[in-house]
Amino acid sequence: MTGRFVLSGSVLTHPSRGDAALRTAAQAPPGALAVVTDPDPTGPPTAVRTMVAACESIAPTSTHHLVVQDDMILAPGLLGRARSAIAAMPEAALALFSLWDSRNGGAVRLGALTGMRWVRAVNEYTPCAALILPRAVAVGYADFVRRRRDTWPEDILMHHYLRSAGVPCYVSVPNLAEHDDRPSIAGNAFRGPRRSACYVPTDRAGRESEVLDVLSAVPFFKNGVAQCVVRLPDAAPARWLHLETEQYLRGLGAPPRHLTPKLGGSATRGVNPAVVQGTWLTAYALGALTRQVAGTVDPRVVAEALRTIGAGGMSNGSPAQLIRERQDHLAGVAGDGLLAGRETKLRPRRTEQGITVAGGGSAFGEHLVRALSDRGHPVTENASVVDLREQGAVVVRRAGGEVRLDVGELYGPGCPPDSVLGKMVWAALQGKPIHIPDGTPALLRPRHVQDLADAVSGAVAGRRSSGVRPPEVSVLEVAETIAQVVRPVPVHDERTCPPPNTPAPLSPQWRTDFRYRLHHFAQWLAYESDGVDSATITDAPGWVSR
């Protein structure tokens, strides 16, 4: 208890977990954490029911409640920091854990590198593995979930609820809890090891009012690809663009030669070059964003924040032993990348081919405009017109004539789940079977937003190759890939007489890129589409909102 604030707590568990909850509760003082068990343990695997039960069980005397999952390791100073933070931010949700490959994990690294103690959560699921909620917020979450008919996980529901209720969420720097990586009941084992972005168990309470509240961009390394989210200026509520970090850095003006690490062979011997590249780009971007250090930097926290970049980026699909063997090597890459990013002078790239975008006010238009800007095209008047308003095509009008670009099955950030591909991703996101009904085309021609941006950029520059049609892919292969990449769900092909299809062979690189970009699209749908104004989606071109 700190002044007028009273903190209670619960450990969330399932009967099949044995004594896991008791072991977790024993890490806190006696009586601090009560055990709350799934009220319907034979139901579909989800933590939502247990989270709601915990929110409904809060004593009337408590002002705040800590929920902890039963596979967490708690820092010895957790309760001390928690109580001090509640006094500093009594109206906020406080997350005490963030995954090493997550966006919020990237935000925690920015906090560590600038000496902050808490950082504003970004557009992602709210980390619920160790989370403090004001009592009224917890009660509101339970009501919110009861009104919903969808099957989002508890952490995405928490993100949607906090955003709709206007409740800020902050993540501790360093994290105050670590994941113990026991088998997942909720179906998350396919993600590989799930560790903290920055766990320093010796951290103690102090300076809890030092908060990094405004983030312009957050780099993170996930699924083997360096990515970042960039906040749209003046957007309320906050909206974010999801980019690849290399594109973001090129747009900032990072010299191309700096985007590939220059390291001695012994430093990364035996490490996947793609993992080295992703670690370098992520750390480089962190360096470019943290030239000015605002607070007192703790070298232990900084070291741990850098140490988890590469490990998190390779965690999906890599065994824990291999990650442990490579982690120290990758920490060195991250340290060099951070220094290089801080020392580089950035000169944004510009071309002479300016653009004017007609119909660019949709969520898709925002992403396309940013992608073209990062490719050097200034958005100006009296320039080539990129028209997004026509059915089935993007039209580029320039002095040399008009180019019509075939869109295909457009997907990626900014695209709602109204297409054949989008509906399948939407189903997998919510853990539902993917259905391929009668009448579904045998072949799809997926085109990602970034590929469309490349095509538009080429058309503006007058390159004839810009109008190439997207490749054809079997709809069944698309569905099965989504079930592998987004979430393991059944695929039901309900076509009574599927038409024959003979798509041309696809390159291994195209398939690799497609898998990553499907996950990219799924993240945008889960974290951003719920917050996009319905009028914005309605006003999108017909080929975006079918």
Side-chain angles (χ1 to χ4, degrees), residues 1-10 12 32-33 51-52 54-68 77-98 103-104 107-108 110-111 114 116-148 154-177 205-215 218 231 235-240 294-295 527 530-531:
M1 178 172 177
T2 301
R4 59 190 177 90
F5 301 111
V6 179
L7 175 64
S8 56
S10 299
L12 279 56
L33 295 174
M51 175 66 83
V52 169
C55 289
E56 292 175 332
S57 68
I58 303 174
T61 54
S62 298
T63 62
H64 292 74
H65 196 72
L66 166 66
V67 289
V68 178
L78 182 150
L79 291 178
R81 275 203 68 186
R83 292 184 178 109
S84 297
I86 287 169
M89 299 172 283
E91 306 301 322
L94 303 174
L96 312 182
F97 172 79
S98 58
R103 303 176 185 197
N104 283 314
V108 166
L110 288 170
T114 54
M116 296 291 102
R117 298 288 278 163
W118 294 85
V119 62
R120 185 74 174 247
V122 295
N123 64 326
E124 191 178 48
Y125 61 88
T126 299
C128 290
L131 179 68
I132 296 172
L133 297 172
R135 186 178 188 280
V137 174
V139 172
Y141 172 76
D143 292 339
F144 178 81
V145 171
R146 279 193 293 267
R147 295 195 305 269
R148 303 283 291 233
E154 87 289 353
D155 46 12
I156 294 181
L157 285 170
M158 184 66 73
H159 167 66
H160 291 170
Y161 166 65
L162 295 179
R163 183 164 59 177
S164 67
V167 177
C169 181
Y170 297 94
V171 190
S172 63
V173 184
N175 287 173
L176 297 172
R207 303 186 291 114
E208 305 302 336
S209 61
E210 296 182 12
V211 175
L212 183 58
D213 206 18
V214 179
L215 300 165
V218 178
R231 193 181 192 279
R239 294 206 313 282
W240 301 75
Y527 308 147
D530 189 67

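Rounding to the nearest 0.5 Å gives a distance of 12.5 Å between OG of Ser62 and CG of Leu133. The distance from the CZ atom of Arg103 to the CH2 atom of Trp240 is 9.5 Å, given to the nearest 0.5 Å. Rounding to the nearest 0.5 Å gives a distance of 7.0 Å between NE2 of His64 and CD of Glu91. Within the model, atoms SG of Cys169 and CG of Asn104 stand 7.0 Å from one another, a figure rounded to the nearest 0.5 Å. We find the NE2-CG distance between His65 and Leu33 to be 8.5 Å, quoted to the nearest 0.5 Å. To the nearest 0.5 Å, the span separating CD1 on Ile132 from CG on Leu79 amounts to 8.0 Å.
In this structure a side-chain-to-backbone donor-acceptor pair under 3.5 Å is missing from Ser84 to Arg81.
Nearest approach of Val108 to Ser98, heavy atoms of both residues: CG2-OG, 3.5 Å. When all heavy atoms of Val119 and Ala107 are compared, the pair lying nearest together is CG2-O, 3.5 Å. Shortest non-hydrogen contact noted between Cys128 and Leu131 is SG-CD2, 4.0 Å. For the residue pair Trp118 and Ala95, the shortest heavy atom distance occurs at CZ3-O, 3.8 Å. Residues Thr114 and Leu110 approach most closely at OG1-O, 2.8 Å, considering heavy atoms. Annotation for Ser57 and Ala54: closest pair OG-O, 2.9 Å, computed over non-hydrogen atoms.
By the 30° and 60° cut-offs, the orientation of the rings of Tyr161 relative to Phe144 is tilted.
Side-chain atoms of Thr63 and Arg4, non-hydrogen and from C-beta on, never get closer than 4.5 Å to each other. Arg83 places none of its side-chain heavy atoms less than 4.5 Å from the side chain of Phe5. Using a 4.5 Å cut-off on side-chain heavy atoms (C-beta onward), Leu162 and Val137 make contact.
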Legend entry - Ile58 and Ser8: CA distance, side-chain angles, deciding distance, side chain to side chain contact (heavy atoms under 4.5 Å, CB included) verdict: CA-CA 8 Å; Ile58 303 174; Ser8 56; 4.1 Å; yes
Inset, instruction - Apply side chain to side chain contact (heavy atoms under 4.5 Å, CB included) to the pair Leu212 and Val173, showing each step before the final yes or no. - result: CA-CA 10 Å; Leu212 183 58; Val173 184; over 6 Å; no
Inset, instruction - For side chain to side chain contact (heavy atoms under 4.5 Å, CB included), just list the numbers for Val122 and Tyr527, CA-CA rounded to whole Å, side-chain angles, deciding distance to a tenth of an Å, and then say yes or no. - result: CA-CA 9 Å; Val122 295; Tyr527 308 147; over 6 Å; no
Legend entry - Trace of the side chain to side chain contact (heavy atoms under 4.5 Å, CB included) decision for Thr126 with His159: CA-CA 5 Å; Thr126 299; His159 167 66; 3.6 Å; yes
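Remark: the Tyr170 side chain and the Asp213 side chain contain an N/O donor-acceptor pair separated by less than 3.5 Å.
Of the candidates Met89, Arg163, Arg120, Arg120 is the only one forming a side-chain contact (heavy atoms from CB on, under 4.5 Å) with Pro168.
Between Glu208 and Arg117 there is a salt bridge, since at least one side-chain N of the basic residue sits less than 4.0 Å from a carboxylate O of the acidic one.
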